[in-house]
2 protein chains.
Amino acid sequence: MTDIAVVDRSGDTKGRTLIEAAYATLRNEIIDGTLEPGAKLRTEELRARYDVSGSTIREALTRLLGEALVTSEGQRGFRVAPASLDDFRDLTEVRKLIETEALRQAIAVGGEPWESEIVAAFYRLSKTEERLREDPAGASAEFEQRNRDFHRALIAACPSPWLHRLHALLYQQSERYRRLVASKRAIPRDVHAEHQGIFDATLARDSDLAVRLAGEHIERSVLALATLLAARDREAAAG
Amino acid sequence: MTDIAVVDRSGDTKGRTLIEAAYATLRNEIIDGTLEPGAKLRTEELRARYDVSGSTIREALTRLLGEALVTSEGQRGFRVAPASLDDFRDLTEVRKLIETEALRQAIAVGGEPWESEIVAAFYRLSKTEERLREDPAGASAEFEQRNRDFHRALIAACPSPWLHRLHALLYQQSERYRRLVASKRAIPRDVHAEHQGIFDATLARDSDLAVRLAGEHIERSVLALATLLAARDREAAAG
DNA sequence: GTCAACAAAAATATCGATATTAAACCGATT
DNA sequence: AATCGGTTTAATATCGATATTTTTGTTGAC
């Protein structure tokens, strides 16, 4: 006679089913770095932490397998997917390919509702960027959310479900790396100006320019991480 | 030591763990059409059929979720992913994008080992194509295998793990549609000639031509399915 | 000291049963 | 006839325990 008759909906962990809840929590913790790349994911430990059964955890982990956020080897359990600069470089190139194609298609067919959604998303993002300048730590989660919304709004009019699916997959992957950079206060970038450029070009229906700017925007994040890691290596060597 | 722990499991239904075995079998049955698009996947039924426990089936199904071969809705269980001409059209466009990019990169950096693997794969494929002409039903599984091997060999030298991953995902999806066409005896296509063209252009390192031919090759399968479905609709209307 | 063989110990994979939820049914009411 | 409520039935989601496999640790030989 345990007490859980109604699914506990505490915190950011939404999901009507227990598996979905565990899945969402786990995913967040992997993306925001709480669970570090390569870390072993013991079912017993997680089971205790989330207060659910082993099979429930197992199924949540299996889902993350499909999103390449965890790996699983034979009879040796699960781990958080490893992260490396090489992987990020590769990921970024492919994301650029997908995202720019989606953007091009969106610009080609998007109508007024699409445009106004972009305007709204850009406005919200800009507001959060201001807040971020005052309170870098506090507004960070909100910034990630709105950044994602803005990028999604840009390509929302792209008619290809598969492009959207792949984009979601790749974006999520890169979000993990981005947070790593953000948490370690990397070189300051004028992200707002970059967004503004993409925004203007998109609404002006200038495909080539929008695609070019978006591509550069995506690439810059790699540069940021590479610089960060290089600096860390130097520190490690010196200290 | 970089580890891509994704087991190859191409084709066969064996696997070290029961879950993997169930997963492989299920996947094959979905791809080859034994389990029809949209069909309900009751755990109890599958449990009995494969003689394993419910959770085992459940986990196998969850894996297929990540490959978009099954869908799952809230508390309403699993189904085989639906198939439609629209989906196939979309899928094909995106696959073209990925596969041609991978091919371009492979041609740019591939060395002699890559070339010789292509020659070997092309030879094997050609042999099977001959056999297929005599025994259309019997050699079909082998043809699928070798066709896949050939396409994979073409892009094997592409250095991007993410492109390979996406390609595998999309290729698998389209394989399901292709088998549908094959089983219904569609309009005859000179697939061999198409393969020959891609083969020649690739070994000649003519990126633009190879990419163009590969793109057309991929597109033709859509045409085949569209024609087939149109014919079926006419029959249904008439009969 | 290194290695191998083997015995605990830990972790994973798998099971069968139970609790929860959605679907099917069915009669009463408008 | 169609719709609404409540009841039964079927299916799913979840659990806790067991069977297997991997990892760890120890001892004895070389």
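Scope of the values below: all heavy atoms of this structure, side chains included, with no hydrogens, waters or symmetry mates.
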**Q** According to side-chain hydrogen bond (donor to acceptor under 3.5 Å, both in side chains), who are the partners of E101(B), at least two apart in sequence or on a separate chain?
**A**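 Scan of E101(B) (side-chain hydrogen bond (donor to acceptor under 3.5 Å, both in side chains), adjacent residues dropped) gives Q105(B).
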**Q** In whole angstroms, how far is the P atom of dA22(C) from the CZ atom of F78(B)?
**A** 15 Å
**Q** With E144(A), which residues qualify under side-chain hydrogen bond (donor to acceptor under 3.5 Å, both in side chains), at least two apart?
**A**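 E144(A) satisfies side-chain hydrogen bond (donor to acceptor under 3.5 Å, both in side chains) with R178(A) once adjacent residues are dropped.
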**Q** Hey, which of these two, K40(B) or R76(A), hits DNA chain D nearer its 5' end, going by closest nucleotide?
**A**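 On the 5' side of the pair lies K40(B).
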**Q** With sequence neighbours excluded, tell me which residues meet side-chain hydrogen bond (donor to acceptor under 3.5 Å, both in side chains) with R124(A).
**A** none
**Q** Please list all pairs passing the ring-ring contact (aromatic ring centres under 6.0 Å, His included) test where one or both residues lie in residues 59-102 of chain B, with sequence neighbours left out.
**A**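 Listed by first then second residue: F88(B)-Y177(B).
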**Q** Return all side-chain donor-acceptor pairs below 3.5 angstrom for residues 29-44 of chain A, not counting sequence neighbours, or 'none' if the list is empty.
**A**
unit_1: E29(A); atom_1: OE1; unit_2: R49(A); atom_2: NH1; d: 3.3
unit_1: E29(A); atom_1: OE1; unit_2: R49(A); atom_2: NH2; d: 3.4
unit_1: E29(A); atom_1: OE1; unit_2: Y50(A); atom_2: OH; d: 3.1
unit_1: D32(A); atom_1: OD1; unit_2: T34(A); atom_2: N; d: 2.9
unit_1: D32(A); atom_1: OD1; unit_2: T34(A); atom_2: OG1; d: 2.5
unit_1: K40(A); atom_1: NZ; unit_2: R76(A); atom_2: O; d: 3.4
unit_1: R42(A); atom_1: NH1; unit_2: E45(A); atom_2: OE1; d: 2.7
unit_1: E44(A); atom_1: OE1; unit_2: R47(A); atom_2: NE; d: 3.3

**Q** Between the protein and nucleotides 8-10 of chain C, list every N/O to N/O distance that falls short of 3.5 Å.
**A**
none

**Q** Salt bridge (charged side-chain N to carboxylate O under 4.0 Å, His left out): which pairs involve residues 156-175 of chain A, sequence neighbours left out?
**A** R148(A)-E175(A), E175(A)-R179(A)
**Q** State, with a plain yes or no, whether a side-chain heavy atom of L154(B) is found less than 4.5 Å away from one of F150(B).
**A**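 When only atoms from C-beta onward are counted, F150(B) and L154(B) do touch, with a gap below 4.5 Å.
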**Q** Report the distance from atom CZ of R79(B) to atom C1' of dT12(D), rounded to the nearest whole Å.
**A**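 Result: 14 Å.
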**Q** Please give, in whole Å, the distance from dA11(C) P to E45(A) CD?
**A**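 So the two atoms are 8 Å apart, to the nearest Å.
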**Q** Taking only residues two or more places apart in sequence, or in another chain, which ones meet Q173(A) in a side-chain hydrogen bond (donor to acceptor under 3.5 Å, both in side chains)?
**A**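 For Q173(A), no residue satisfies side-chain hydrogen bond (donor to acceptor under 3.5 Å, both in side chains) once neighbours in sequence are set aside.
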**Q** Report all interatomic pairs (protein N or O, nucleotide N or O of nucleotides 14-18 of chain C) with separations under 3.5 Å.
**A**
unit_1: dT14(C); atom_1: OP1; unit_2: T17(B); atom_2: OG1; d: 2.8
unit_1: dT14(C); atom_1: OP1; unit_2: L18(B); atom_2: N; d: 2.4
unit_1: dT14(C); atom_1: OP2; unit_2: T17(B); atom_2: OG1; d: 2.8
unit_1: dT14(C); atom_1: OP2; unit_2: I19(B); atom_2: N; d: 3.2
unit_1: dC15(C); atom_1: OP2; unit_2: S53(B); atom_2: N; d: 2.8
unit_1: dC15(C); atom_1: OP2; unit_2: T56(B); atom_2: OG1; d: 2.8
unit_1: dC15(C); atom_1: N4; unit_2: S55(B); atom_2: OG; d: 3.2
unit_1: dG16(C); atom_1: N7; unit_2: S53(B); atom_2: OG; d: 3.3
unit_1: dG16(C); atom_1: O6; unit_2: S55(B); atom_2: OG; d: 3.2

